[in-house]
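Worksheet: the structure to be examined is printed underneath.
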Amino acid sequence: MSIEQTSQNPSAKPRVAVVFGGRSSEHAISVSTAGSVLRAIDRDKYEVLPIGITHEGRWALASDEPARMAITDGRLPDVEHVAESTEGRVALPVDPSSREVVWSEPGAAPKALGEVDVVFPLLHGPWGEDGTLQGLLELSGVPYVGNGVLASAAGMDKEFTKRLLASHGLGVGRYTVVRPREWETEEGRAAVRERVAGLGLPLFVKPCRAGSSIGISKVKDLSDLDAAIEEARRHDPKLIIEAGVSGRELECAVLEFEDGPRASVPAEVLVGGGYEFYDFEAKYIDSSEVRIPAELTAEQTAEIRRQAIEAFEALGCEGLARVDFFLLDDGSWMVNEVNTMPGFTPISAYPKMWEASGMSYPELVDRLLQAALRRSTGLR
């Protein structure tokens with residue numbers, strides 16, 4: 001869709017701004033997710049305006065070509081490759097009385113691209129999934145798909161996810177948090193090492209506010225701890241270090257219906273190919289197996305679905321979330337994290353779980369858009 005076509009073809013159909021890319025290390029996964037969603041949106045029912053955010057934070061009008069957004073032969077997609085212009089910028093409305101989107105280029109008069117009825121934010125990680133974009137949309141008075149400011153922020157920060165879940169009686173693992181200033185002094189580093197030693201081995205060192213398993217290291221010897229911390233700090237100055245557990249890795253998708261949230265059939269992650277854990281390569285490049293539905297007893301299936309909905313409500317989620325669990329060897333459950341904007345790539349577990357529950361990918365996308373269009377703006 002060209003800039004001129006966008007501005008000159010008004011339509012009575014709801015107009016969806018699909019926003020993707022962003023400044024986080026999960027940029028490529030977001031682009032791939034957007035390609036899948038663009039492919040699935042019913043064009044007889046909706047008009048679509050793709051907007052990509054570059055690594056530097058420039059909002060660009062993007063071409064509506066989902067095939068160019070896929071991860072292909074290990075090549076990661078990028079907003080710059082699908083942007084209509086290398087210099088033009090898109091601006092969302094900042095006034096709740098107008099939903100007009102504006103396009104501007106250096107040396108040219110701004111062009112109105114028409115109003116947007118709903119935004120489908122498909123950003124993963126900081127500066128998009130963490131409540132920042134949701135706050136902008138709240139200020140603008142534009143309806144949007146998915147979780148609000150608080151749930152997005154709490155779901156992004158693994159420390160506060162665990163705090164909220166634990167306050168609702170849900171099981172969380174043992175962990176410690178390394179705050180930015182703490183690792184910058186020798187005294188602070190010594191205190192961190194002492195706390196971490198008490199967790200036992202193995203350990204998982206993670207950026208506190210990131211996803212897609214980026215920046216995560218499994219530590220089996222404390223001599224490797226400092227290097228793992230430095231790797232995680234490349235993605236986030238705040239870290240979380242978790243004690244390893246023994247059990248099965250399971251996931252459950254939650255979707256908000258008119259009568260409240262419902263949980264899908266669960267999935268089990270089966271990491272193979274010599275990978276130590278479900279890292280970025282295993283997820284997106286070599287495609288470790290995700291078994292759907294997971295082989296669980298009826299009682300276990302009922303319990304994971306119950307806890308997934310409880311976790312969804314504990315964070316105040318709206319729209320959708322994927323809740324990740326461990327079923328420990330002793331039969332107890334532990335929530336690992338809550339993903340408030342799960343991936344929608346062709347191999348992503350979230351849409352696959354709903355497909356196994358009887359809802360196709362296009363139906364899922366449509367339900368999310370319709371829920372966002374029904375939702376009131378402002379406090380709710």
Side-chain angles (χ1 to χ4, degrees), residues 1-23 27 30-31 33-35 37-38 40-43 45-66 68-69 79-123 127-129 131-146 148-149 152 319 341 365 368-378:
M1 181 182 295
S2 73
I3 297 165
E4 292 297 330
Q5 288 174 320
T6 303
S7 60
Q8 293 178 5
N9 290 334
S11 170
K13 295 182 287 189
R15 197 137 184 261
V16 182
V18 177
V19 181
F20 60 94
R23 294 161 54 195
H27 179 102
S30 173
V31 177
T33 290
V37 170
L38 286 169
I41 292 177
D42 184 352
R43 303 311 175 92
K45 194 171 181 177
Y46 302 99
E47 183 184 351
V48 176
L49 179 67
I51 299 174
I53 303 176
T54 68
H55 288 284
E56 293 72 35
R58 179 175 66 91
W59 290 51
L61 189 65
S63 59
D64 188 1
E65 299 179 73
R68 294 174 59 196
M69 301 180 187
V79 165
E80 292 284 1
H81 297 148
V82 295
E84 292 275 4
S85 165
T86 58
E87 294 186 324
R89 299 174 185 273
V90 171
L92 286 181
V94 292
D95 180 350
S97 66
S98 170
R99 294 179 181 174
E100 191 86 50
V101 176
V102 175
W103 167 265
S104 61
E105 286 186 286
K111 293 179 178 146
L113 300 183
E115 293 195 343
V116 165
D117 297 292
V118 62
V119 173
F120 203 145
L122 292 168
L123 291 99
W127 306 292
E129 188 184 350
T132 50
L133 177 58
Q134 291 74 15
L136 172 64
L137 296 172
E138 292 285 353
L139 288 172
S140 302
V142 180
Y144 58 93
V145 170
V149 175
S152 298
M341 181 42 72
V365 170
L368 288 167
L369 287 169
Q370 288 298 315
L373 287 165
R374 286 193 306 269
R375 186 189 303 167
S376 64
T377 56

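No hydrogens, no waters, no symmetry mates; every other heavy atom, side chains included, goes into these values. Residue numbers run from 1 in the order of the sequence given.
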**Prompt:** Side chains of Ser85 and Glu87: donor-acceptor distance under 3.5 Å anywhere?
**Reply:** no
Just one of [options] clears the side chain to side chain contact (heavy atoms under 4.5 Å, CB included) bar with [X], so which one?
{"X": "Val90", "options": "Ile53, Val19, Leu61", "value": "Leu61"}
{"X": "Arg99", "options": "Val142, Val118, Val119", "value": "Val142"}
{"X": "Leu373", "options": "Asp117, Val16, Val145", "value": "Asp117"}

So which atom in [X] and which in [Y] form the shortest heavy-atom distance, rounded to 0.1 Å?
{"X": "Ala83", "Y": "Arg58", "result": "CB-NH2, 4.4 Å"}
{"X": "Val149", "Y": "Glu138", "result": "CG2-CG, 4.1 Å"}
{"X": "Ser152", "Y": "Gly131", "result": "CB-N, 3.4 Å"}
{"X": "Ala34", "Y": "Leu122", "result": "CA-CD1, 3.7 Å"}
{"X": "Pro143", "Y": "Ala372", "result": "CB-O, 3.5 Å"}
{"X": "Glu84", "Y": "Ala62", "result": "CG-C, 4.0 Å"}

**Message:** Less than 4.0 angstrom from a charged side-chain N to a carboxylate O is my criterion; do Arg15 and Glu47 meet it?
**Reply:** yes
**Request:** Output yes when Asp42 and Lys13 qualify as a salt bridge under the 4.0 Å nitrogen-oxygen rule, no when they do not.
**Result:** no
**Message:** Donor-acceptor pair, distance only, cut-off 3.5 Å: does the side chain of His27 make one with the backbone of Gly22?
**Reply:** yes
Report yes if some heavy atom in the side chain of [X] is under 4.5 Å from a heavy atom in the side chain of [Y]; otherwise report no.
{"X": "Arg375", "Y": "Gln370", "value": "no"}
{"X": "Asp64", "Y": "Arg43", "value": "yes"}
{"X": "Leu49", "Y": "Val101", "value": "yes"}
{"X": "Leu38", "Y": "Met69", "value": "yes"}
{"X": "Lys111", "Y": "Ser104", "value": "no"}

**Request:** Test Phe20 against Val79 for side chain to side chain contact (heavy atoms under 4.5 Å, CB included), laying out the working first.
**Result:** CA-CA 8 Å; Phe20 60 94; Val79 165; 3.9 Å; yes
**Prompt:** What's the spacing between Ser30 OG and Leu123 CG if we round to 0.5 Å?
**Reply:** 4.5 Å
**Prompt:** How many angstroms lie between CG in Leu113 and CD in Glu100, if you round to the nearest 0.5 Å?
**Reply:** 8.0 Å
**Request:** Report yes or no: is the cationic atom of Arg89 (NZ for Lys, CZ for Arg) closer than 6.0 Å to the six-membered ring centre of Trp59, at no more than 45° off its axis?
**Result:** no
**Request:** Under the side chain to side chain contact (heavy atoms under 4.5 Å, CB included) rule, what do Gln134 and Met341 come out as? Steps first, then yes or no, please.
**Result:** CA-CA 12 Å; Gln134 291 74 15; Met341 181 42 72; over 6 Å; no
**Asked** Given the rule in the side chain to side chain contact (heavy atoms under 4.5 Å, CB included) test, do Glu56 and Glu80 qualify, once you have shown the distances and angles that lead to the verdict?
**Response** CA-CA 10 Å; Glu56 293 72 35; Glu80 292 284 1; 3.8 Å; yes
